[in-house]
Amino acid sequence: MAARPRPDFNPKTKEDGLTKRLKIFVENHVARQRGLLGMWAAEDIIGDIDPATGAMIEERRTDIVYGWNDDSQGMKLVFEFKRLGRQKRHRDHYLRDQGLGRFVTGIYSRKEAVAAMVGVLLDPEGEIVPPIRKALEDSALAATLRLCRTPAGLPYERPSALFQAADFDTEHERDAALAPTHGTIRVSHFFLPFGYPTTTRKHRSAKSSP
(Lines give C-alpha, C1' and ligand atoms only; values in the text may rest on other atoms or scores of the structure.)
Protein backbone atom coordinates (compact mmCIF):
# COMPACT_ATOMS: atom_id res chain seq x y z
CA MET A 1 0.00 0.00 0.00
CA ALA A 2 2.90 2.36 0.72
CA ALA A 3 5.03 1.40 -2.27
CA ARG A 4 3.86 4.35 -4.37
CA PRO A 5 1.80 7.52 -3.84
CA ARG A 6 -1.95 6.89 -3.81
CA PRO A 7 -4.58 9.66 -3.68
CA ASP A 8 -6.17 8.30 -0.48
CA PHE A 9 -3.22 6.50 1.15
CA ASN A 10 -0.18 8.72 1.55
CA PRO A 11 1.82 10.60 4.24
CA LYS A 12 -0.85 13.31 4.49
CA THR A 13 -3.66 10.83 5.15
CA LYS A 14 -4.88 11.02 8.74
CA GLU A 15 -3.90 8.22 11.08
CA ASP A 16 -7.39 6.71 11.33
CA GLY A 17 -7.71 6.81 7.54
CA LEU A 18 -4.46 4.89 7.15
CA THR A 19 -5.36 2.25 9.74
CA LYS A 20 -8.87 1.63 8.40
CA ARG A 21 -7.59 1.16 4.87
CA LEU A 22 -4.71 -1.02 6.05
CA LYS A 23 -7.02 -3.25 8.08
CA ILE A 24 -9.32 -3.79 5.09
CA PHE A 25 -6.38 -4.43 2.74
CA VAL A 26 -4.83 -6.98 5.11
CA GLU A 27 -8.17 -8.69 5.73
CA ASN A 28 -9.09 -8.90 2.04
CA HIS A 29 -5.74 -9.52 0.37
CA VAL A 30 -3.15 -10.80 2.86
CA ALA A 31 -4.45 -12.55 5.96
CA ARG A 32 -5.97 -15.77 4.64
CA GLN A 33 -3.15 -16.30 2.18
CA ARG A 34 -0.81 -16.23 5.21
CA GLY A 35 -2.97 -18.58 7.28
CA LEU A 36 -4.25 -15.86 9.63
CA LEU A 37 -7.81 -17.09 9.98
CA GLY A 38 -8.91 -14.99 12.95
CA MET A 39 -10.88 -11.73 13.04
CA TRP A 40 -9.50 -8.28 12.15
CA ALA A 41 -11.09 -5.09 13.44
CA ALA A 42 -10.36 -1.37 13.15
CA GLU A 43 -11.32 1.05 15.92
CA ASP A 44 -12.39 -1.77 18.20
CA ILE A 45 -14.22 -0.30 21.22
CA ILE A 46 -12.87 -1.32 24.63
CA GLY A 47 -13.54 0.05 28.09
CA ASP A 48 -15.40 -0.49 31.34
CA ILE A 49 -19.01 -0.06 32.44
CA ASP A 50 -20.71 0.05 35.82
CA PRO A 51 -22.88 -3.12 35.77
CA ALA A 52 -25.20 -1.66 38.41
CA THR A 53 -26.10 1.45 36.41
CA GLY A 54 -24.95 0.69 32.87
CA ALA A 55 -22.87 3.87 32.89
CA MET A 56 -19.75 3.96 30.73
CA ILE A 57 -16.74 4.39 33.02
CA GLU A 58 -14.05 4.40 30.35
CA GLU A 59 -14.04 4.04 26.57
CA ARG A 60 -11.15 3.67 24.14
CA ARG A 61 -10.77 2.62 20.51
CA THR A 62 -7.82 0.52 19.39
CA ASP A 63 -6.44 1.16 15.90
CA ILE A 64 -6.24 -2.43 14.63
CA VAL A 65 -6.73 -5.69 16.50
CA TYR A 66 -6.32 -9.29 15.40
CA GLY A 67 -8.31 -11.83 17.42
CA TRP A 68 -8.06 -15.60 17.36
CA ASN A 69 -9.09 -18.49 19.58
CA ASP A 70 -9.55 -22.25 19.66
CA ASP A 71 -10.74 -24.74 22.28
CA SER A 72 -7.71 -24.21 24.51
CA GLN A 73 -6.57 -20.58 24.14
CA GLY A 74 -7.35 -17.17 22.71
CA MET A 75 -5.55 -13.93 21.92
CA LYS A 76 -6.16 -10.32 20.91
CA LEU A 77 -3.14 -8.66 19.33
CA VAL A 78 -3.56 -4.87 19.39
CA PHE A 79 -1.65 -2.61 16.98
CA GLU A 80 -1.38 1.04 18.07
CA PHE A 81 -0.35 3.32 15.18
CA LYS A 82 1.39 6.70 15.30
CA ARG A 83 2.48 8.96 12.45
CA LEU A 84 6.10 9.81 13.25
CA GLY A 85 8.30 12.67 12.14
CA ARG A 86 11.71 13.60 13.49
CA GLN A 87 10.32 16.11 16.01
CA LYS A 88 10.54 15.52 19.75
CA ARG A 89 6.78 16.05 20.11
CA HIS A 90 6.20 13.09 17.78
CA ARG A 91 8.59 10.99 19.81
CA ASP A 92 6.86 11.97 23.07
CA HIS A 93 3.45 11.20 21.59
CA TYR A 94 4.69 7.74 20.62
CA LEU A 95 6.27 6.92 23.98
CA ARG A 96 3.98 8.49 26.56
CA ASP A 97 0.35 8.27 27.73
CA GLN A 98 -1.23 8.51 24.28
CA GLY A 99 1.09 5.89 22.82
CA LEU A 100 3.15 3.18 24.49
CA GLY A 101 1.74 4.13 27.89
CA ARG A 102 -1.64 2.77 26.85
CA PHE A 103 -0.15 -0.74 27.13
CA VAL A 104 1.32 -0.02 30.59
CA THR A 105 -1.05 2.00 32.76
CA GLY A 106 -3.89 2.25 30.21
CA ILE A 107 -6.43 -0.45 29.39
CA TYR A 108 -5.07 -1.55 26.02
CA SER A 109 -4.35 -5.29 25.71
CA ARG A 110 -5.73 -6.07 29.15
CA LYS A 111 -4.52 -9.52 30.29
CA GLU A 112 -2.60 -10.00 27.03
CA ALA A 113 1.08 -10.97 26.90
CA VAL A 114 1.95 -9.28 23.58
CA ALA A 115 1.07 -6.05 21.78
CA ALA A 116 2.45 -3.91 18.95
CA MET A 117 3.37 -0.26 18.49
CA VAL A 118 3.60 0.83 14.85
CA GLY A 119 5.28 4.02 13.71
CA VAL A 120 4.36 5.31 10.23
CA LEU A 121 7.50 7.17 9.17
CA LEU A 122 7.23 10.67 7.74
CA ASP A 123 11.00 11.29 7.80
CA PRO A 124 14.00 8.99 7.25
CA GLU A 125 14.12 6.08 9.69
CA GLY A 126 17.59 7.04 10.92
CA GLU A 127 16.26 10.39 12.14
CA ILE A 128 13.32 8.85 14.03
CA VAL A 129 13.98 5.35 15.35
CA PRO A 130 17.43 5.73 17.02
CA PRO A 131 16.18 8.76 19.04
CA ILE A 132 13.22 6.68 20.22
CA ARG A 133 15.56 3.94 21.42
CA LYS A 134 17.79 6.57 23.05
CA ALA A 135 14.82 8.14 24.84
CA LEU A 136 14.02 4.79 26.46
CA GLU A 137 17.37 4.99 28.27
CA ASP A 138 16.15 7.98 30.27
CA SER A 139 15.59 6.77 33.83
CA ALA A 140 12.49 8.90 34.46
CA LEU A 141 10.77 7.70 31.29
CA ALA A 142 11.81 4.12 32.01
CA ALA A 143 10.21 4.39 35.45
CA THR A 144 7.00 5.86 34.01
CA LEU A 145 6.81 3.04 31.47
CA ARG A 146 7.72 0.46 34.12
CA LEU A 147 10.34 -0.95 31.79
CA CYS A 148 11.97 -4.29 32.52
CA ARG A 149 15.68 -4.34 31.73
CA THR A 150 17.19 -7.08 29.58
CA PRO A 151 19.93 -9.33 31.02
CA ALA A 152 22.39 -6.91 29.37
CA GLY A 153 20.84 -4.01 31.27
CA LEU A 154 19.16 -2.40 28.25
CA PRO A 155 15.60 -1.00 28.27
CA TYR A 156 14.77 -2.79 25.01
CA GLU A 157 15.64 -6.02 23.21
CA ARG A 158 16.99 -5.66 19.69
CA PRO A 159 16.39 -7.47 17.44
CA SER A 160 12.86 -8.37 18.43
CA ALA A 161 12.42 -11.79 19.99
CA LEU A 162 8.87 -12.02 18.62
CA PHE A 163 8.63 -10.65 15.09
CA GLN A 164 11.26 -10.57 12.38
CA ALA A 165 9.86 -7.31 10.99
CA ALA A 166 9.94 -5.48 14.34
CA ASP A 167 12.91 -3.27 15.23
CA PHE A 168 12.90 -3.98 18.97
CA ASP A 169 10.78 -5.15 21.91
CA THR A 170 10.09 -3.55 25.27
CA GLU A 171 8.73 -5.35 28.32
CA HIS A 172 6.64 -3.61 30.97
CA GLU A 173 5.28 -4.47 34.39
CA ARG A 174 1.52 -3.98 34.74
CA ASP A 175 -0.91 -3.86 37.62
CA ALA A 176 -2.55 -7.20 38.39
CA ALA A 177 -5.91 -6.06 36.99
CA LEU A 178 -4.29 -5.44 33.59
CA ALA A 179 -1.47 -7.99 33.42
CA PRO A 180 -1.41 -11.61 32.25
CA THR A 181 -0.55 -14.20 34.88
CA HIS A 182 3.22 -13.62 34.61
CA GLY A 183 2.80 -9.89 35.31
CA THR A 184 4.33 -8.22 32.25
CA ILE A 185 3.46 -7.32 28.68
CA ARG A 186 5.95 -7.40 25.80
CA VAL A 187 5.46 -4.75 23.11
CA SER A 188 7.05 -5.14 19.68
CA HIS A 189 7.88 -1.90 17.85
CA PHE A 190 7.44 -1.74 14.08
CA PHE A 191 8.41 1.22 11.88
CA LEU A 192 6.85 1.41 8.43
CA PRO A 193 8.24 3.76 5.76
CA PHE A 194 6.56 4.90 2.60
CA GLY A 195 8.41 3.61 -0.44
CA TYR A 196 9.14 7.07 -1.83
CA PRO A 197 10.44 10.41 -0.50
CA THR A 198 7.97 11.92 1.98
CA THR A 199 9.75 14.91 3.55
CA THR A 200 8.35 18.29 2.50
CA ARG A 201 9.69 21.83 3.00
CA LYS A 202 6.90 22.50 5.50
CA HIS A 203 7.82 19.38 7.47
CA ARG A 204 11.43 20.69 7.75
CA SER A 205 10.26 23.85 9.53
CA ALA A 206 12.94 25.35 11.81
CA LYS A 207 10.26 25.76 14.49
CA SER A 208 10.09 21.99 14.96
CA SER A 209 11.84 20.59 18.01
CA PRO A 210 14.91 18.44 17.23
Side-chain angles (χ1 to χ4, degrees), residues 19 22-23 26-27 30-31 34-51 56-82 93-119 129 132-133 135-192:
T19 56
L22 182 59
K23 176 264 179 182
V26 168
E27 189 173 46
V30 178
R34 301 291 181 89
L36 299 173
L37 305 181
M39 183 199 73
W40 295 85
E43 297 198 344
D44 182 42
I45 298 174
I46 61 174
D48 281 307
I49 64 167
D50 182 339
M56 184 72 78
I57 299 170
E58 184 173 7
E59 178 181 347
R60 294 286 185 270
R61 295 173 184 264
T62 58
D63 288 332
I64 296 179
V65 60
Y66 172 70
W68 177 88
N69 67 277
D70 61 17
D71 292 339
S72 61
Q73 60 184 334
M75 64 168 285
K76 290 182 72 175
L77 179 59
V78 173
F79 298 82
E80 171 69 2
F81 282 72
K82 297 296 178 189
H93 191 58
Y94 180 90
L95 290 172
R96 296 186 180 273
D97 290 349
Q98 299 303 307
L100 182 56
R102 289 175 168 174
F103 295 110
V104 184
T105 56
I107 63 172
Y108 277 33
S109 295
R110 186 163 31 194
K111 300 294 185 181
E112 296 292 333
V114 177
M117 286 291 299
V118 185
V129 181
I132 286 176
R133 293 197 299 264
L136 290 168
E137 298 175 8
D138 178 77
S139 58
L141 179 60
T144 298
L145 292 173
R146 302 176 69 175
L147 279 168
C148 302
R149 297 275 174 173
T150 68
L154 295 173
Y156 55 83
E157 183 173 3
R158 186 171 187 255
S160 167
L162 295 175
F163 300 101
Q164 184 177 359
D167 187 270
F168 63 90
D169 298 337
T170 51
E171 188 172 3
H172 311 261
E173 295 179 353
R174 301 194 85 180
D175 291 342
L178 298 169
T181 55
H182 60 275
T184 65
I185 184 170
R186 182 176 285 261
V187 181
S188 289
H189 297 255
F190 297 80
F191 300 98
L192 307 181

Next on the checklist: Quick one: does any side-chain atom of Asp138 pair with a main-chain N or O of Ala140 as donor and acceptor, under 3.5 Å?
Outcome noted: yes
Next on the checklist: side chain to side chain contact (heavy atoms under 4.5 Å, CB included), that's the test. Do Glu80 and Thr62 meet it? Break it down for me.
Outcome noted: CA-CA 7 Å; Glu80 171 69 2; Thr62 58; 5.6 Å; no
Checklist entry - Does the side chain to side chain contact (heavy atoms under 4.5 Å, CB included) test come out yes or no for Leu145 and Leu100, once each step is laid out? => result CA-CA 8 Å; Leu145 292 173; Leu100 182 56; 3.8 Å; yes
Item to check | Stepwise side chain to side chain contact (heavy atoms under 4.5 Å, CB included) check, Glu27 with Ile64 | outcome: CA-CA 11 Å; Glu27 189 173 46; Ile64 296 179; over 6 Å; no
Checklist entry - So how far is it from Tyr66 OH to Lys23 NZ, rounded to the nearest 0.5 Å? => result 13.0 Å
Checklist entry - Less than 4.0 Å between a side-chain N and a carboxylate O, is that true for Asp63 and Arg102? => result no
Item to check | Arg133 side chain vs Pro155 backbone, donor-acceptor pair below 3.5 Å | outcome: no
Next on the checklist: Closer than 3.5 angstrom, by distance alone: can the side chain of Ser109 be matched with the main-chain N or O of Glu112 as a donor-acceptor pair?
Outcome noted: no
Item to check | Inter-residue atom distance Met39.CE - Trp68.CH2, 0.5 Å rounding | outcome: 14.0 Å
Checklist outcome for this item: Closest non-hydrogen atoms of Leu136 and Thr170, given as atom of the first, atom of the second and distance, are CD1-CG2, 3.9 Å
Checklist entry - Between atom NE2 of His172 and atom OG1 of Thr184, what is the distance when rounded to the nearest 0.5 Å? => result 9.5 Å
Item to check | Within the 6.0 Å centroid threshold, strictly below: His189 and Tyr156 | outcome: no
Checklist outcome for this item: To the nearest 0.5 Å, atom CZ of Arg174 lies from atom CD1 of Ile107 at 9.5 Å
Item to check | Steps toward side-chain hydrogen bond (donor to acceptor under 3.5 Å, both in side chains) verdict (Glu157, Thr150) | outcome: CA-CA 7 Å; Glu157 183 173 3; Thr150 68; over 6 Å; no
Checklist entry - Would you say the side-chain atoms of Asp48 pair up with the backbone N or O of Ile57, donor to acceptor, closer than 3.5 Å? => result no
Next on the checklist: Testing the basics here: between Val65 and Val78, what is the closest heavy-atom pair and its distance to 0.1 Å?
Outcome noted: CG2-CG2, 3.9 Å
Checklist entry - Any idea how Phe103 and Tyr108 line up, ring-wise: parallel (<30°), tilted (30 to 60°), or perpendicular (>60°)? => result perpendicular
Item to check | Leu22 side, atom CG; Phe81 side, atom CZ - distance, nearest 0.5 Å | outcome: 5.0 Å
Item to check | For the student: nearest non-hydrogen atoms of Leu162 and Ser188, plus distance | outcome: CD1-OG, 3.6 Å
Next on the checklist: How long is the straight-line distance from CG of Leu178 back to OG1 of Thr105, given to the nearest 0.5 Å?
Outcome noted: 8.5 Å
Next on the checklist: Is any side-chain heavy atom of Leu154 closer than 4.5 Å to one of Phe168?
Outcome noted: no
Item to check | Chi angles and distances behind the side chain to side chain contact (heavy atoms under 4.5 Å, CB included) call for Lys82, Met117 | outcome: CA-CA 8 Å; Lys82 297 296 178 189; Met117 286 291 299; 4.2 Å; yes
Checklist outcome for this item: Paired with Asp44, the salt bridge (charged side-chain N to carboxylate O under 4.0 Å, His left out) test is passed by just one of Lys76, Arg61, Arg60, namely Lys76
Next on the checklist: Ignoring hydrogens, what is the shortest heavy-atom contact between Ala135 and Leu95? Give both atom names and the distance.
Outcome noted: CB-CD1, 3.7 Å
Checklist entry - Ala113 and Pro180: which non-hydrogen atoms are nearest, and at how many Å? => result CA-CG, 4.0 Å
